[in-house]
Number of protein chains: 2
Amino acid sequence: MLLSKSCIYGIRAAVYLALNRNGKYVPVREISENLDISFHFLTKICRKLSSGGIIKSIKGAQGGLKFERDPENISIMEIVIAIDGNNRFSECLLGLPDCGILKPCPLHDDWFDAIESIKEKFNDITVNRIAEEVRTGNVRITEINNPDF
Amino acid sequence: MLLSKSCIYGIRAAVYLALNRNGKYVPVREISENLDISFHFLTKICRKLSSGGIIKSIKGAQGGLKFERDPENISIMEIVIAIDGNNRFSECLLGLPDCGILKPCPLHDDWFDAIESIKEKFNDITVNRIAEEVRTGNVRITEINNPDF
DNA sequence: TTTAAATAAGACAAAGTTGTCTTATTTAAA
DNA sequence: TTTAAATAAGACAACTTTGTCTTATTTAAA
Ligand code: SF4
Ligand code: SF4
């Protein structure tokens, strides 16, 4: 798997948040129930998104989560980095020690083409773009039977 | 990580085997020492390659491993499948339940382009091709200081 | 002021992957 | 025939990821 479950949940939660932003803070409980993700696990992930500066959270009644910045400008890559750190994509194919391009492993060229292309895409795709696609009904972020997302 | 450690070790071991085939059976111990891979862990992986029909093994003195088929015709993909099963690459990006192209997740198109390209490459690249590249000194399958591989 | 709703924090459990070790079995060579 | 070299098999430990649970804290509303 290219992405950890944590990343996947984080991306889906961010898209949910972008879909439902009407100024109000959205509780983690609501997200976890609608996306069918373990509540406590999701709160942990959301705390990473908070400390990563992607969302902000407010405690107490009427509290919840909100974007810190406009999700128009938040890429999938930023979410992945906030959750799993910077080396999810820099880990390379055979993971040899002291690796580099001086004397690479046999799959280096092919692998780097592929991973660079994925990286580019992850940098380009914004949370808002995905939310828009969900809104127009082309794609989904939850199980197939859920009519809402 | 796209590939599990088991796969990585399996690929490196197969390339080693292709580099050192002079009719004789190669003991797992020799491979594990030269590639700096845990011996017992590697034997487990090699048993998967055996039951997958990629290599054959002979017990006892002068025993060891040998290719079952010509490594000219063994792709990296076959090794990955023998070790990790068929769904390493069919696992999809967001891993939604009941997934499909009818109503895909937002990253489906981009993801499938990328993964198809990687799959193609993994199907094309043979163990022998990698071994040849190691022989000519362009690439390596072990740590940088090792002059042999 | 009290209560209910919400995040924060962290202990803990379950599961998967990776790695170690021991014992049994097979085989060729001494 | 004995011995050493090798795989086979599987128990078990360490580590990582994933998931659950409990307690503390904060906040708005009743
Ligand atoms: S040579 Fe390239 S692909 Fe291979 S292990 Fe190193 S960085 Fe990764
Ligand atoms: S829509 Fe495509 S990329 Fe997304 S989860 Fe399903 S198969 Fe994977």
Side-chain angles (χ1 to χ4, degrees), chain A residues 1-13 17 20 23-52 54-68 80 83-85 87-88 91 94-95 97, chain B residues 1-13 17 20 23-52 54-68 80 83-85 87-88 91 94-95 97:
Chain A
M1 268 205 295
L2 189 71
L3 298 179
S4 66
K5 286 261 182 161
S6 296
C7 279
I8 291 173
Y9 294 164
I11 293 172
R12 290 171 62 203
L17 210 54
N20 293 44
K24 280 192 287 197
Y25 285 84
V26 179
V28 179
R29 183 118 254 155
E30 181 191 324
I31 306 178
S32 78
E33 278 172 2
N34 278 302
L35 298 188
D36 197 31
I37 298 171
S38 152
F39 167 70
H40 290 287
F41 194 34
L42 188 55
T43 57
K44 276 192 219 170
I45 295 166
C46 289
R47 256 175 277 147
K48 288 190 182 177
L49 292 179
S50 284
S51 44
I54 292 176
I55 62 177
K56 57 184 164 186
S57 66
I58 287 195
K59 279 181 172 183
Q62 311 300 315
L65 308 178
K66 209 179 183 180
F67 281 105
E68 175 78 44
V80 171
I83 293 171
D84 271 357
N87 45 0
R88 185 102 208 161
E91 275 171 356
L94 293 193
Chain B
M1 264 206 295
L2 189 71
L3 298 179
S4 64
K5 286 260 183 161
S6 295
C7 278
I8 291 173
Y9 294 165
I11 292 172
R12 290 171 63 203
L17 210 53
N20 291 46
K24 279 191 286 193
Y25 285 84
V26 179
V28 178
R29 184 118 253 156
E30 180 191 325
I31 306 177
S32 79
E33 279 172 1
N34 277 301
L35 298 188
D36 198 31
I37 298 172
S38 151
F39 167 70
H40 290 289
F41 194 34
L42 189 55
T43 57
K44 276 192 219 171
I45 295 166
C46 288
R47 258 175 275 146
K48 287 189 184 179
L49 292 179
S50 285
S51 44
I54 291 176
I55 61 177
K56 58 184 165 186
S57 66
I58 287 194
K59 279 180 169 182
Q62 311 301 314
L65 308 177
K66 208 179 184 180
F67 282 106
E68 175 78 41
V80 171
I83 292 171
D84 271 358
N87 45 1
R88 187 101 207 161
E91 273 169 359
L94 293 194

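So you know, we letter chains A, B, ... as the sequences are listed, proteins then strands, and number each from 1. FYI, side chains are in, hydrogens and waters are out, and symmetry mates aren't considered; it's all heavy atoms of this structure.
In DNA chain D, runs of at least 3 stacked Watson-Crick or G-U pairs (N1-N3 plus N6-O4 or O6-N4, or N1-O2 plus O6-N3, all under 3.5 Å) give these stems: C:1-30 with D:1-30.
Note: CD1 (A/Ile83) to P (D/dG19) measures 13 Å, nearest angstrom. Atom NZ of B/Lys66 and atom C1' of D/dA6 are 16 Å apart (whole Å). Atom CG of A/Leu65 is separated from atom P of C/dA5 by 17 Å (rounded to the nearest Å). A straight line from NZ of B/Lys48 to P of D/dT7 spans 18 Å, rounded to a whole angstrom. In this structure, A/Glu30 atom CD and C/dA5 atom P are separated by 15 Å, rounded to whole Å. Distance, A/Glu33 CD to C/dA5 P: 13 Å, rounded to whole Å. Rounded to whole angstrom, the span from the CD1 atom of B/Ile37 across to the P atom of C/dT18 amounts to 12 Å. Here D/dA6 presents its C1' atom at 17 Å from NZ of B/Lys56, a figure rounded to the nearest Å.
Within residues 38-46 of chain B, the residues having any heavy atom closer than 4.0 Å to DNA chain D are, in order of number, B/Phe39, B/Lys44.
For B/Ser57, the side chain to side chain contact (heavy atoms under 4.5 Å, CB included) partners two or more places apart in sequence, or in a different chain, are B/Ser50, B/Leu65. Evaluation of the side chain to side chain contact (heavy atoms under 4.5 Å, CB included) rule for A/Lys59 yields no partner, not counting sequence neighbours.
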For residues 30-38 of chain A, dump all side-chain donor-acceptor pairs below 3.5 Å to protein atoms at least two apart in sequence or in another chain.
from: A/Glu30; atom 1: OE2; to: A/Tyr16; atom 2: OH; distance (Å): 2.5
from: A/Ser32; atom 1: OG; to: A/Arg29; atom 2: O; distance (Å): 3.0
from: A/Asn34; atom 1: ND2; to: A/Tyr16; atom 2: OH; distance (Å): 2.8
from: A/Asn34; atom 1: ND2; to: A/Glu30; atom 2: O; distance (Å): 3.1
from: A/Ser38; atom 1: OG; to: A/Phe41; atom 2: N; distance (Å): 3.3

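Minimum atom distance to the side chain of A/Ser6 is reached by D/dT18, of the listed D/dT18, C/dT18, D/dT7.
To the nearest 0.5 angstrom, A/Cys46 atom SG is 13.0 Å from A/Tyr9 atom OH. Here B/Leu42 contributes atom CG and B/Arg47 contributes atom CZ; the two are 10.5 Å apart, rounded to the nearest 0.5 Å.
The shortest distance between the side-chain N/O atoms of B/Tyr9 and the OP1/OP2 oxygens of C/dG19 is below 4.0 Å.
With contacts defined as side-chain heavy-atom distances shorter than 4.5 Å, the pair B/Lys44/B/Ser6 does not qualify.
For D/dA5, the base has no donor-acceptor partner in the side chain of B/Arg29 [N/O atoms by modelled type, under 3.5 angstrom].
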Please tabulate the protein-to-nucleotide N/O contacts below 3.5 Å involving nucleotides 24-28 of chain C, giving atom names and distances.
from: C/dT26; atom 1: O2; to: B/Gly60; atom 2: N; distance (Å): 3.3
from: C/dT27; atom 1: O2; to: B/Ala61; atom 2: N; distance (Å): 3.1
from: C/dA28; atom 1: O4'; to: B/Ala61; atom 2: O; distance (Å): 3.4

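Contact between A/Lys56 and A/Phe67 at its shortest, heavy atoms only, is CE-O, 3.9 Å. Annotation for A/Leu2 and A/Arg88: closest pair O-NE, 2.8 Å, computed over non-hydrogen atoms. Residues A/Ile45 and A/Gly10 share a closest heavy-atom pair of CG2-CA, 3.9 Å.
With A/Ile83 as the fixed residue, the side-chain contact (heavy atoms from CB on, under 4.5 Å) test singles out one of A/Ile8, A/Leu49, A/Ile54, A/Leu3: A/Leu49.
Using a 4.0 Å heavy-atom criterion, one finds that B/Ser4 contacts the sugar-phosphate atoms exclusively.
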